[in-house]
Each structure stands twice: as structure tokens, then as C-alpha cells.
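Working notes, beginning with the structure itself.
Because only heavy atoms are used, hydrogens play no part in the values below, and waters and symmetry mates are left out as well, while side chains stay in. Along the sequence shown, residues carry numbers from 1. In this text the structure is predicted, and so the values were computed from the model without any measurement.
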Amino acid sequence: MSTEKKRVQFRAPNRLIDRTDALATVLGEDRTDILIEALREYLRDATHDDRLVQEIAASYYDDEISFGQLKDLVGAEEAANLRVLKQQLSADFVDEITELE
């Protein structure tokens, strides 16, 4: 993982932050560490959801996200497979269009 950090500011319900602070106290960590771990786990779990992976792939096929972003979300192997599929889909589309002319 990159050691570079980006400052992020957001608003969250008081109760959620209170629970985060309580857990941080119990674990002897700070709030940021708890939030980073929670976000990391959420992203890992979310990208193993087939429906979400399909949405991610569709965003890649529609050029809404880059290959680098795709790889960050689904991993190098899955991203490579999706890139090949995108290339095949593009080639198939070109073939279909030229056949119609």
C-alpha cells in the first residue's frame, strides 16, 4: 500500500463517531486508525460482491474509471480479465458495425 496520505473531511452521525471513539479507547488506537480499517474492510468486502463487480466492470467499459482504478478495486488478475473482455467487446462491436454496412 502507498505511504502517501490524503486528508479527508466528512460529516458522520454523532452516535457513529461516539462508537468509533469508544472502540478506539478500548483498542488503544486513535479514531483515524479505526476509520481506516473499517473503510479498508468495507472496500475489500464490497468488491467481492458479484453485483458490485459487474457495476465496476460496466464503469470501466464505459470509460468512467481508469484501468488503474479498476485494478485497485478488483485486483490485478480480475482487472486483466476485464480489460481483455473490454477489448474483445470493442472488437466484436466493430465487426458487427462493418458487417451492417
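Few gaps surround CG on D18; more than 12 heavy atoms of other groups in view lie less than 6.0 Å from it. The local environment of CD in E77 is sparse, with at most 12 non-hydrogen atoms from other residues, nucleotides or ligands closer than 6.0 Å. Under a cut-off of 6.0 angstrom, the local environment of CZ in R15 is sparse, with at most 12 non-hydrogen atoms contributed by other residues, nucleotides or ligands. The neighbour count for D45 CG, taken as heavy atoms of other residues, nucleotides or ligands under 6.0 Å away, is above 12.
The pair K86-D63 meets the salt-bridge criterion, since a charged nitrogen lies less than 4.0 angstrom from a carboxylate oxygen.
To the nearest 0.5 Å, atom CZ of residue R19 and atom CD1 of residue I34 are 12.0 Å apart. Distance check: H48 NE2 to L43 CG gives 11.5 Å after rounding to the nearest 0.5 Å. To the nearest 0.5 Å, atoms CD (E64) and CD1 (I56) are separated by 12.0 Å. Here the straight-line distance linking atom CD of E29 with atom CD of E37 works out to 8.5 Å at 0.5 Å rounding. Put simply, CG on L85 and CG on N81 are 9.0 Å apart, with the number rounded to the nearest 0.5 Å.
Between V74 and A79 the shortest heavy-atom distance is CG2-N, 3.7 Å. Contact record, R31 with A24: N-CB, 3.9 Å, taken as the closest heavy-atom pair.
By the 4.5 Å heavy-atom criterion applied to side chains, F10 and L35 are counted as neighbours. Counting heavy atoms from C-beta on, the side chains of F67 and L82 never come closer than 4.5 Å.
D30 contributes a side-chain N or O that, together with a main-chain N or O of T32, makes up a donor-acceptor pair within less than 3.5 Å. At least one donor-acceptor pair under 3.5 Å links the side chain of Q69 to the backbone N or O of S66. In terms of modelled atom types and a separation under 3.5 Å, the side chain of T47 and the main chain of L73 share a donor-acceptor contact.
Cluster membership for I65 and L52, using ILVMFWY side-chain heavy atoms within less than 4.5 angstrom, is shared.
A cation-pi contact, defined as under 6.0 Å to the ring centre and within 45° of the axis, is absent between R83 and Y60.
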